[in-house]
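Each chain gets a letter, A, B and so on, in the order its sequence line appears, and its residues count up from 1.
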Protein chains: 2
Amino acid sequence: MTPPRPCIGLFDSGLGGLTVLKALASVVPDADYIYFGDTARLPYGSKSAETVTHYALDAARHLEQLGAEMLVVACNTATALSLEAITNGLRIPVVGVIEPGAQAAAQASRNKKVVVIGTEATVASHAYQRALKKLGVDSHEKACPLFVPLVEEGWSEHSVTDQVARIYLDEAFAGDFRDADVLVLGCTHYPLIKSVLQRWEPRVTIVDSAESTARAVAAKLGTRVTKDGPSGMRFMATDSVEKFRRLGEKFLGRQISAVQHVDLKE
Amino acid sequence: MTPPRPCIGLFDSGLGGLTVLKALASVVPDADYIYFGDTARLPYGSKSAETVTHYALDAARHLEQLGAEMLVVACNTATALSLEAITNGLRIPVVGVIEPGAQAAAQASRNKKVVVIGTEATVASHAYQRALKKLGVDSHEKACPLFVPLVEEGWSEHSVTDQVARIYLDEAFAGDFRDADVLVLGCTHYPLIKSVLQRWEPRVTIVDSAESTARAVAAKLGTRVTKDGPSGMRFMATDSVEKFRRLGEKFLGRQISAVQHVDLKE
């Protein structure tokens with residue numbers, strides 16, 4: 001008899017975490033997933049640690065109550081500011097996106113110089129810098145607050161995004177980090193502009209923390225992984241379910257049939 | 001004996017409404033103001049009517065409880081989606097930014113063709129279109145979701161903002177509205193890029209709803225206005241008070257000495 005499929009909960013402030021779900025469903029296809037987008041309170045990336053931790057704990061507990069056996073914090077900001085609080089506040093195992101991203105970056109870098117781009121809050125927390133330092137890697141972090149709105153405007157391939165990327169990357173790959181050989185996408189929206197970034201910095205290896213996190217989850221699940229058919233996916237949002245469904249497909253790369261509205265009793 | 005100074009409450013999702021406070025303090029200097037920025041839940045402009053109304057009512061009731069005798073909804077999105085719910089939910093008089101903006105636009109337009117730019121939610125509500133229609137004016141509304149993040153990045157005068165403005169304005173002044181002679185700034189962030197917009201459309205009259213609203217409030221106050229010294233201002237925010245203070249000065253055009261943190265018990 002095969003064991004039951006694991007149920008994995010993921011949350012993000014909005015749709016970006018769907019890039020983590022996409023990577024996860026490809027590495028661990030035989031699991032059930034519940035994705036929670038806190039769209040009524042997004043973005044997290046420009047807000048304070050107290051506010052983000054409060055929101056993140058709400059979302060995490062909701063997923064635990066729904067029966068998730070493992071929680072993936074599919075958001076760099078929530079991982080950076082609140083991973084410890086979430087881990088302490090839940091009984092199930094919790095995986096963040098930063099540790100796996102840092103490990104992949106450390107492996108990929110030859111000269112041990114890495115550039116990390118992310119939201120204001122992620123960069124201000126220096127969570128990537130600390131994680132990379134432990135692995136013997138120096139890093140330069142750069143906040144890129146316009147990338148999320150540009151992706152959400154549907155301008156992933158647009159001359160304006162190109163220009164903004166050039167400005168941000170010039171500031172990121174500067175001084176001692178001019179020759180950094182790895183660029184970490186420290187925000188789950190950024191995989192959608194990966195080709196723009198790679199075009200401007202063709203010699204660097206781009207590390208997508210969504211992919212690294214998916215591999216970390218697979219390793220943690222180990223023998224729990226069964227082979228009884230494709231994964232089931234449920235979607236929840238705290239704001240408009242219609243908007244989530246419509247825009248979410250761009251991030252997930254597949255159709256989203258139904259989204260359930262959740263009111264966190266604010 | 002002079003009557004006591006009126007106490008006016010204003011709220012917005014964030015800092016944009018400070019442009020309304022700035023205009024108001026100049027037209028009605030002898031009042032006390034309480035400004036409430038719902039920064040933990042910003043932005044409102046990309047969210048659903050249900051969510052925005054829920055948030056807006058929280059903010060409005062908080063100001064009423066603090067003793068405001070009049071409430072200014074210093075946010076186009078909250079006015080567009082929730083003015084009726086706020087007016088019904090409060091005992092004090094409520095003034096929104098859309099009606100005054102529409103009236104100023106109708107007065108300024110010779111050919112009765114007006115372009116309105118605003119957030120996604122404001123435009124989707126067609127609140128400006130309805131208000132202008134009643135005044136015999138045709139309008140074309142265009143959502144400009146990148147303007148707020150560009151202003152918040154500090155790029156009000158920047159080649160990227162210039163390029164984005166050109167793209168949005170080309171789409172706004174199109175078809176039958178190619179010869180529209182008034183542009184309404186239907187978002188409280190936009191006064192900070194007024195000069196960029198005017199440069200691209202030198203022949204149009206730009207209507208800033210902050211200024212029109214200030215005049216509407218003054219008219220409503222009438223004889224209540226006294227002359228016993230400069231206005232007092234209190235500031236409140238639901239997220240980081242430090243960030244509010246630091247960035248708010250750009251919108252208000254004067255120093256902000258203290259900001260109080262408010263937890264709306266979410």
Checklist entry - Between the side chains of Gln163(B) and Ser159(A), is a donor N or O closer than 3.5 angstrom to an acceptor N or O? => result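 A pair is found: one side chain offers a donor N or O, the other an acceptor, under 3.5 Å apart.
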Crowding at [atom1], [X] (>12 non-hydrogen neighbours, <6.0 Å):
X: Arg166(B); atom1: CZ; value: yes
X: Glu249(B); atom1: CD; value: yes
X: Glu84(A); atom1: CD; value: no
X: Asp176(B); atom1: CG; value: no
X: Arg254(A); atom1: CZ; value: no

Item to check | Evaluation steps, side chain to side chain contact (heavy atoms under 4.5 Å, CB included), between Thr51(A) and Arg41(B) | outcome: CA-CA 9 Å; Thr51(A) 296; Arg41(B) 309 194 284 193; over 6 Å; no
Contact class of [X] relative to chain A, heavy atoms under 4.5 angstrom:
X: Glu152(B); answer: neither
X: Ile167(B); answer: side chain
X: Thr39(B); answer: backbone

Item to check | side chain to side chain contact (heavy atoms under 4.5 Å, CB included) assessment of Glu242(A) paired with Ser48(B) | outcome: CA-CA 10 Å; Glu242(A) 175 43 38; Ser48(B) 68; over 6 Å; no
Checklist entry - Tell me, do Leu42(A) and Lys47(B) make a side-chain contact under 4.5 Å, heavy atoms counted? => result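 They are in contact (side-chain heavy atoms under 4.5 Å apart), so the answer is yes.
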Checklist entry - Can you say whether Thr238(A) sits under 4.5 Å from chain B via the side chain, the backbone, both, or neither, judging by heavy atoms? => result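 When you check distances to chain B, only backbone atoms of Thr238(A) fall under 4.5 Å.
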Item to check | Residues Glu120(B), Lys243(A); criterion side chain to side chain contact (heavy atoms under 4.5 Å, CB included); working and verdict | outcome: CA-CA 12 Å; Glu120(B) 236 185 302; Lys243(A) 188 172 176 185; 3.4 Å; yes
